[in-house]
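One structure is given below, encoded as structure tokens.
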Amino acid sequence: MSLRLIRSALSIFLLALLSSSLLVPYGCAPKLPPEPIWEKDARALLDQADSLYAKKQYDQALKTVDTFMYRYPTSRNRDRGLYLMGEVHLTLREYDKALANYQELIQEFPASSYILSARYKLGQCYFELKEFDLAIANLADRSRVIDPVQLTRTAEMLSASYLVKKNYPAAIREFTYLAATSRNEQQKAGYRDHIREIVEKNLTEDELRALAAEAAYPADIAQLRLASLLIEQRKYRDAIKVSTDFLGKYPTHPEKTRAEMLLNEATTKLSAPRYTLGVLIPQSGQLAFFGDRVLKGIQLAVHNYNLQDPDNRVELLVKDTEGSPEKAVAALEELASKGVVAAIGPLLTKETEALVPELEKLKIPVITPAASGEGIGKLSPWLFRNALTNDGQAAAAAQYALGQNLKKFVVLYPDDAYGKDLAWLFAKDLQQKAEILATVSYPSDAKDFGPSIRKVMEIDLRSRKIPIPDDDAERKKLLQDYTPSFDALYLPGYAEQVGLLIPQLAFYNITGVALIGSNNWHSPDLIERAQRYANGAVFVDGFFPESDDPTIKPIWDAYRSAYNEEPDILAAQAYDAAAMVFSLLKEHKDTPQAIRDGLLALKDYHGVSGDISFPGNGEAQKKLFLIKVQDGKFVPAGSAKE
């Protein structure tokens with residue numbers, strides 16, 4: 001035989017041998033032995049256990065599976081039995097037992113069709129047992145999972161586990177997945193809040209840099225936080241680079257203003273500022289929240305000023321008073337030693353009053369944006385107040401009422417300090433100018449205002465010499481036919497309560513009268529509760545974020561962009577306090593004495609908290625906002641002078 005033929009025969013032999021070996025795992029594998037006759041009974045027993053589990057008869061389901069395990073220890077369906085036992089124990093929150101079932105299944109039946117689900121449930125058990133490392137190990141690989149519900153639950157458990165283990169970048173990845181896949185806008189917002197909180201509070205500089213380098217959300221907020229962190233670390237040049245890069249990458253980003261502020265802050269701190277403005281606020285303790293709101297308003301005012309006049313930049317020197325008069329005095333002394341041109345704060349009346357003796361020595365103008373004590377702005381020629389007061393808003397409400405030619409009033413107020421004070425002040429302002437028919441209170445926690453309303457009706461009827469029958473049926477008929485004789489109701493109070501009160505007035509036929517309210521009406525709760533019955537009602541406030549005023553709206557848009565939250569009256573009053581000082585700096589009134597004199601000469605300064613004047617003393621005279629409820633919205637009704 002020739003060598004060529006030998007080679008050909010050998011090739012055919014090897015090819016045949018290879019083909020026969022490939023047939024075994026791909027279709028020609030040996031068949032399993034025939035199923036035992038009893039296997040049908042075994043399956044039936046498991047079917048019964050499944051049915052009991054579905055009916056929530058968990059004890060019976062367990063007993064049935066136990067019977068299966070005892071009778072058929074070699075059943076081909078043993079993996080199914082173990083899985084079902086795990087399911088029942090998991091449902092009963094018997095996590096240790098469920099864990100044992102799933103572990104046995106995984107170890108004994110690695111090729112089981114239940115293996116993927118068992119691993120997931122095993123991870124769930126570890127999570128519930130707070131074995132977070134093991135939970136992560138069993139849940140992290142989702143490459144073969146396609147069920148969206150399971151994927152969501154897995155991401156939720158992993159995010160919580162990573163948080164406990166302080167693996168914050170991994171937690172962010174899970175929350176990002178949840179935010180991207182959730183169809184519920186409220187849940188989506190919640191996941192984004194978690195991401196923002198982790199980015200703002202927990203990531204290191206390296207972690208922030210890694211996240212900011214990615215292409216998609218939350219790379220943007222990581223880059224913003226990185227810029228802020230670099231400023232905290234006094235790495236101002238790096239902060240400038242990161243902020244500039246953000247503005248180039250995201251020119252229309254909703255938080256563009258925050259990036260601009262960070263860039264401005266880093267640039268400002270890189271070179272020495274010309275002026276220093278002191279801030280006296282609580283940054284720790286129970287009042288820290290209010291201090292934060294005040295500081296945000298001041299910071300925005302500083303940002304806007306520095307953008308307009310970068311060569312005469314202002315920096316802030318913030319001191320924590322903790323709400324303590326003693327610490328406020330010490331802080332003011334320190335600010336004076338640093339050469340501040342003025343100071344904003346403090347917030348409490350007791351703190352502000354404690355500064356008065358020192359002001360005469362230190363001669364620094366101080367503007368409080370919140371202290372509510374009577375006559376605060378008249379205690380020292382160096383002390384000013386830019387804040388909404390009860391006296392001011394009551395006077396504005398009375399002025400509006402008289403301007404509407406209203407002659408006869410009823411005052412209905414909550415029986416607490418706020419309600420009593422406004423009721424008394426409003427009545428005082430109307431003395432000898434209009435008639436106060438009745439002043440009636442209701443419990444501060446009231447939801448049913450019927451007793452107080454009926455009292456108003458009876459006073460009105462008696463004032464018209466209409467007798468009130470003793471007979472209940474006759475009295476009821478009289479009240480049903482009641483028509484009020486007064487022109488207006490003054491309702492100082494809170495949105496949650498007044499929103500319930502106004503519809504009850506209509507129920508008692510008190511309609512066709514003007515409704516006038518106070519600043520605490522300014523909440524969506526009023527409209528949601530009072531509905532159409534509030535239409536036309538007017539109230540006074542020192543703050544109107546819904547305003548379309550072209551000089552005010554951009555400021556509040558910038559505030560929302562910078563801080564990702566809605567402004568409030570404290571931020572507004574603090575913004576104006578700082579902005580008034582800056583308006584004087586632009587006029588080269590840049591010493592404490594010049595600023596004090598400039599404030600006393602200020603007239604009709606157009607601020608976000610109203611038009612402001614200081615007529616000869618430190619008490620701001622303000623044109624407050626008159627706000628009307630119209631078609632389910634708050635709209636301007638004009639302005640009122642305090």
Side-chain angles (χ1 to χ4, degrees), residues 172 175-176 179-180 185 188-189 191-201 203 205 208-233 235-271 273 292-293 295-311 313-316 545-568 571-572 574-575 578-579 582 608:
I172 286 176
F175 281 125
T176 302
E185 289 303 319
K188 190 185 292 284
Y191 294 135
R192 285 177 171 263
D193 286 344
H194 282 304
I195 293 168
R196 184 176 290 274
E197 184 175 3
I198 296 169
V199 168
E200 293 289 341
K201 295 181 178 179
L203 296 188
E205 180 182 337
L208 286 168
R209 286 188 183 278
L211 185 56
E214 295 181 5
Y217 172 86
D220 51 348
I221 61 173
Q223 192 164 356
L224 281 174
R225 172 54 188 152
L226 177 60
S228 179
L229 180 63
L230 291 168
I231 291 172
E232 292 170 16
Q233 296 172 344
K235 299 177 181 177
Y236 300 126
R237 292 191 186 279
D238 287 347
I240 290 169
K241 183 178 183 303
V242 170
S243 302
T244 304
D245 181 57
F246 178 94
L247 291 168
K249 261 189 207 177
Y250 311 106
T252 61
H253 197 278
E255 296 182 61
K256 176 185 176 184
T257 300
R258 182 184 175 193
E260 291 173 340
M261 290 174 69
L262 290 168
L263 176 59
N264 182 60
E265 184 180 356
T267 304
T268 299
K269 290 185 175 179
L270 190 61
S271 58
D292 178 67
R293 291 307 179 97
L295 183 58
K296 285 175 176 173
I298 296 171
Q299 287 173 327
L300 184 62
V302 170
H303 167 67
N304 288 342
Y305 170 79
N306 287 342
L307 281 179
Q308 295 170 15
D309 195 358
D311 294 331
R313 291 185 297 277
V314 170
E315 77 166 357
L316 293 178
E546 301 92 344
S547 173
D548 287 325
D549 185 324
T551 63
I552 294 176
K553 188 177 184 299
I555 294 171
W556 293 139
D557 288 344
Y559 185 99
R560 296 179 183 102
S561 173
Y563 303 120
N564 199 35
E565 63 185 30
E566 285 297 310
D568 64 7
Y575 180 95
F582 301 153
V608 295

Drop me the distance from Asn304's CG to Tyr575's OH, to the nearest 0.5 angstrom.
4.0 Å
Classify the angle between the aromatic ring planes of Phe175 and Tyr191 as parallel (below 30°), tilted (30 to 60°) or perpendicular (above 60°).
tilted
Residue pair Leu203 / Ile172: nearest heavy atoms and the distance that separates them
CD1-CD1, 3.6 Å
Glu565 with Arg560: basic N within carboxylate O range, under 4.0 Å
no
As an exercise, state the distance from CD1 of Ile240 to CG of Leu270, rounded to the nearest 0.5 Å.
4.5 Å
Would you call Val302 and Thr268 a side-chain contact if the rule is heavy atoms closer than 4.5 Å?
no
Is Asp548 reaching over with its side chain to a backbone N or O of Lys553, donor-acceptor style, under 3.5 angstrom?
no
Any side-chain heavy-atom pair of Ile231 and Tyr236 under 4.5 Å:
yes
Separation of Tyr563 OH from Arg293 CZ (nearest 0.5 Å):
11.0 Å
Within this structure, what is the OG1-CD distance for the pair Thr244 and Glu260, rounded to the nearest 0.5 Å?
11.0 Å
Within-4.5 Å side-chain heavy-atom neighbours: Asn564 and Arg196
yes
More than 12 heavy atoms from other groups under 6.0 Å of NZ on Lys188
yes
Is any side-chain heavy atom of Leu262 closer than 4.5 Å to one of Phe246?
no
Taking C-beta and beyond as the side chain, do Asn306 and Thr267 meet within less than 4.5 Å on heavy atoms?
no
Does the side chain of His303 reach to within under 4.5 Å of the side chain of Leu300, using non-hydrogen atoms?
yes
Lys269 and Glu265: side-chain contact (heavy atoms from CB on, under 4.5 Å), yes or no, with the steps?
CA-CA 6 Å; Lys269 290 185 175 179; Glu265 184 180 356; 3.0 Å; yes
Please set out all donor-acceptor pairs under 3.5 angstrom arising from side-chain atoms of residues 215-227, sequence neighbours excluded.
| from | atom 1 | to | atom 2 | distance (Å) |
| --- | --- | --- | --- | --- |
| Asp220 | OD2 | His253 | NE2 | 2.8 |
| Gln223 | NE2 | Val242 | O | 3.2 |
| Gln223 | NE2 | Asp245 | OD2 | 2.7 |
| Arg225 | NE | Glu200 | O | 3.2 |
| Arg225 | NH1 | Ser228 | OG | 3.3 |
| Arg225 | NH1 | Glu232 | OE2 | 3.0 |

Any donor-acceptor N/O pair, Thr257 side chain to Ser561 backbone, under 3.5 Å:
no
Heavy atoms of other groups near Lys249 NZ, more than 12 under 6.0 Å:
yes
